[in-house]
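Notes follow once the structure below has been shown.
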Amino acid sequence: MKSRVARGEGAPLGATVRDGGVNFSVFSKDATRIDLLLFPDEQATEPDRVIRLDPHRHRTYHYWHVFVPGVGPGQVYAYRAHGPFAPERGLRFDHHKVLLDPYGLAVAVPDDYDRDAAARPGDNVATAMRSVVADPAAYDWEGDAPLRRAASETVIYEMHVRGFTRHPSSGVAADKRGTFAGLIEKIPYLRELGITAVELLPVFQFDPYDAPDGLVNYWGYQPVSFFAPHQAYASGKGALAALDEFRDMVKALHRAGIEVLLDVVFNHTAEGPADGPTLCYRGLANDFYYILRQDKSRYSDYTGCGNTLNGNQAIVRRLILDSLRYWVGQMHVDGFRFDLASILARDESGHPRSNPPVLLDVETDPTLAGTKLIAEAWDVGGLYQVGSFVGDAWLEWNGKFRDDVRRFVRGDRGAVRGVATRLLGSPDLYGHQHREAEQSVNFVTSHDGFTLNDLVSYNEKHNEANAEHNRDGTNDNFSWNCGIEGPTADPEIEALRTRQIKNFLVLNLFAAGLPMIAMGDEMRRTQCGNNNAYCHDDEISWLDWTLLERHADVHRFAAHLVPYRARRLAEGVPLTLNEVLDNSMIEWHGVRLAHPDWGHHSHSLAVSLQSLRADLLLHGMANMYSEPLTFELPPTPDGPWRRWIDTALQTPEDITEWTSAPVVPVQKYTAEPHSVVVLFRHTG
């Protein structure tokens with residue numbers, strides 16, 4: 001016989017393993033009844049037990065709770081919520097729909113999961129996602145802890161867990177390709193490249209079928225859970241396998257000295273607009289979880305995805321904080337990149353707030369102290385906060401760095417002053433805040449947009465495969481195809497494209513700030529001109545590891561450059577951007593010393609700078625003209641200049657070991673068209 005259930009407790013939310021059973025608790029203010037469904041296994045089409053919660057015994061304020069003896073980790077469960085379907089009041093209860101636990105730590109996805117069934121009228125119990133009870137305390141971390149690496153010593157590699165090893169050329173065993181376990185096998189590659197942190201595209205459980213017909217949601221920006229790792233990223237069977245495999249990956253990366261940052265989506269869910277599916281939040285407390293318009297039957301959409309989470313509502317604030325604490329405390333991650341973070345600056349009516357509670361909660365939470373917090377400081381509704389994001393702890397994706405560097409390398413007019421400002425850490429954006437130089441997260445490419453190869457191979461986006469008639473994706477790419485649109489066998493154009501890629505890498509990794517490079521850019525990964533490949537779980541998106549040999553010169557260049565940035569050029573002492581600029585010797589030049597050309601038609605720049613330790617002097621020259629330029633060099637009374645980098649030279653002369661760098665015997669240097677040169681000399 002099944003044991004009788006007990007009253008249970010409202011705290012903590014979720015399914016909590018206790019002696020003899022599990023305590024279940026869920027928030028729903030306006031529900032008239034909650035049913036807890038227990039399933040015999042993850043593929044079951046019907047629950048084998050339904051526990052109807054008594055509102056007099058199993059409800060405290062707005063929290064429904066029950067203790068079920070005799071169950072434990074691995075128990076599959078879900079909810080049904082009864083209540084009014086009154087969209088005009090913001091209420092969308094539908095007791096026919098099976099609901100995930102908002103605090104569920106694992107999610108089971110049945111083989112015949114049907115997103116459409118969650119949107120159609122009628123029962124969807126046979127095809128719905130379900131939550132799974134987990135006990136996070138049962139895992140042996142073997143002494144592991146977040147690394148807390150200084151931002152000044154960090155180089156981020158933005159990557160997709162599945163895309164990194166899914167391609168057959170990855171060399172990963174077939175049953176581990178595209179999984180957390182597959183990523184573990186590639187850690188030696190990441191160490192060789194020299195990066196110090198991976199930034200993983202969303203790994204929270206998401207709905208892969210939230211995409212145009214015939215395609216899938218590959219990137220993962222359609223979350224259904226803020227606590228559970230994505231089940232499909234586990235090589236093992238069952239929802240709990242994803243939990244353990246994710247932690248195995250974190251532990252292995254930490255042992256290699258690599259931090260783990262998560263791209264998190266706290267701005268919307270996969271439930272979409274009003275005609276979307278009822279998966280979780282909509283069916284429990286629609287008017288709490290989402291920002292609604294004045295007509296409460298409609299959703300405010302600052303995300304472009306049909307709905308917007310109500311991040312500054314107290315219940316949602318708690319959910320976000322609890323999720324972040326869980327991923328740091330129980331899953332040992334080192335930081336987060338917040339997708340469309342400016343949405344979290346909006347109040348419950350959608351208006352921007354000067355002191356949004358949820359953002360201040362995040363940055364002042366003691367559990368999160370020392371955790372890297374990175375904001376994508378804009379949203380689709382027009383709120384743009386790069387350089388003005390709320391708080392003192394947030395780093396920011398610097399979209400202006402991306403655009404100004406692209407324009408300069410492309411050879412646009414009027415781009416020299418902009419790129420000089422970006423190389424200095426964007427003092428126009430961040431100098432007034434008395435923050436570290438690394439507040440600016442510098443990048444040229446990311447998952448969203450062209451790859452670095454495509455940036456120098458296409459003038460226009462080519463998104464026809466997205467089934468939206470090439471209307472999706474940005475048109476403002478600041479790209480240049482170097483003379484031919486798309487792939488070519490022309491050796492001169494190929495050489496120019498390789499040179500441009502190296503130029504981008506140098507400018508990104510040398511600029512003041514925290515550099516980020518995108519997966520595969522170091523081996524010229526292509527998406528065939530698609531700048532919005534969110535819906536392609538195929539070779540458009542996967543990293544083709546045969547490129548590593550085909551473009552070995554680019555990989556070698558990156559693998560020499562990245563470690564110098566992470567270890568040699570980092571000062572290791574936290575300094576504000578203003579302190580760096582005030583205490584560094586920085587001199588701008590043109591082809592003549594001390595005569596920089598800031599004119600509208602200029603395409604060249606030179607700079608001399610001395611490290612804060614005063615033991616190294618660097619001199620960089622950038623020529624984005626189509627003709628060579630000869631630059632005067634600063635005098636060197638205490639030793640000659642040595643050439644470290646010249647992107648116009650063939651490998652291995654394009655970047656050399658410092659111990660074997662050739663001497664520059666004269667006081668002039670000719671920079672070839674579309675090239676960057678870096679010289680150095682030791683001064684102490």
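Hydrogens, waters and symmetry mates play no part in the numbers below; they use all other heavy atoms, side chains included.
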Contacts of type side chain to side chain contact (heavy atoms under 4.5 Å, CB included), residue S297, not counting sequence neighbours:
P87, R92, D295
With sequence neighbours excluded, tell me which residues meet side chain to side chain contact (heavy atoms under 4.5 Å, CB included) with A181.
K176, T179, S235, E245
Under 6.0 Å between ring centres: does that hold for [X] and [Y]?
{"X": "Y534", "Y": "Y221", "answer": "no"}
{"X": "H160", "Y": "Y218", "answer": "yes"}
{"X": "F27", "Y": "F288", "answer": "yes"}
{"X": "F266", "Y": "F226", "answer": "yes"}
{"X": "F206", "Y": "H230", "answer": "yes"}

Would you find more than 12 non-hydrogen atoms of other residues, nucleotides or ligands less than 6.0 Å from [X] atom [atom1]?
{"X": "Y209", "atom1": "OH", "answer": "no"}
{"X": "R293", "atom1": "CZ", "answer": "yes"}
{"X": "F85", "atom1": "CZ", "answer": "yes"}
{"X": "K186", "atom1": "NZ", "answer": "yes"}
{"X": "Q294", "atom1": "CD", "answer": "no"}

For N463 and N532: C-alpha separation, side-chain torsions, deciding distance, then whether side chain to side chain donor-acceptor pair (under 3.5 Å) applies.
CA-CA 7 Å; N463 297 358; N532 189 34; over 6 Å; no
Going by heavy atoms in the side chains, are V264 and I320 under 4.5 Å from each other?
no
Side chain to side chain donor-acceptor pair (under 3.5 Å) between H447 and D263: does it pass, once the steps are laid out?
CA-CA 11 Å; H447 69 280; D263 193 335; 4.7 Å; no
I'd like to know if [X] pairs up with [Y] as an ion pair, taking the criterion as any Lys NZ or Arg NE/NH1/NH2 lying under 4.0 Å from an Asp or Glu carboxylate oxygen.
{"X": "D210", "Y": "R115", "value": "yes"}
{"X": "R346", "Y": "D379", "value": "yes"}
{"X": "R337", "Y": "E376", "value": "yes"}
{"X": "R317", "Y": "D361", "value": "yes"}
{"X": "D54", "Y": "R52", "value": "no"}
{"X": "R120", "Y": "D114", "value": "yes"}
{"X": "R18", "Y": "E9", "value": "yes"}

Give the minimum heavy-atom separation between [X] and [Y], together with the two atoms involved.
{"X": "I343", "Y": "L309", "result": "CG2-O, 4.4 Å"}
{"X": "T45", "Y": "R130", "result": "CA-NH2, 4.3 Å"}
{"X": "P136", "Y": "R247", "result": "O-NH1, 3.2 Å"}

Between F67 and R7, is there a cation-pi geometry (under 6.0 Å to ring centre, at most 45° from the normal)?
no
Evaluate the ring planes of Y61 and Y63, with Trp represented by its six-membered ring, and classify them as parallel (under 30°), tilted (30 to 60°) or perpendicular (over 60°).
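It falls in the tilted class, 30° to 60°.
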Donor-acceptor pair, [X] side chain versus [Y] backbone, under 3.5 Å?
{"X": "S25", "Y": "G10", "result": "yes"}
{"X": "T165", "Y": "G182", "result": "no"}
{"X": "E42", "Y": "A239", "result": "yes"}

With sequence neighbours excluded, residues passing ring pair (Phe, Tyr, Trp, His ring centres under 6.0 Å) with Y103
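F227.
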Ring pair (Phe, Tyr, Trp, His ring centres under 6.0 Å) partners for F246, two or more places apart:
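For F246 the ring pair (Phe, Tyr, Trp, His ring centres under 6.0 Å) partners, ignoring immediate neighbours, are F180, W327.
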Salt bridge (charged side-chain N to carboxylate O under 4.0 Å, His left out): pairs with one or both residues in residues 318-333, sequence neighbours excluded
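Every salt bridge (charged side-chain N to carboxylate O under 4.0 Å, His left out) pair that includes a residue of residues 318-333, provided the two are not neighbours, is D322-R325, R325-D365.
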Any pair counted as salt bridge (charged side-chain N to carboxylate O under 4.0 Å, His left out), so long as it reaches residues 157-167, sequence neighbours left out
R162-D537
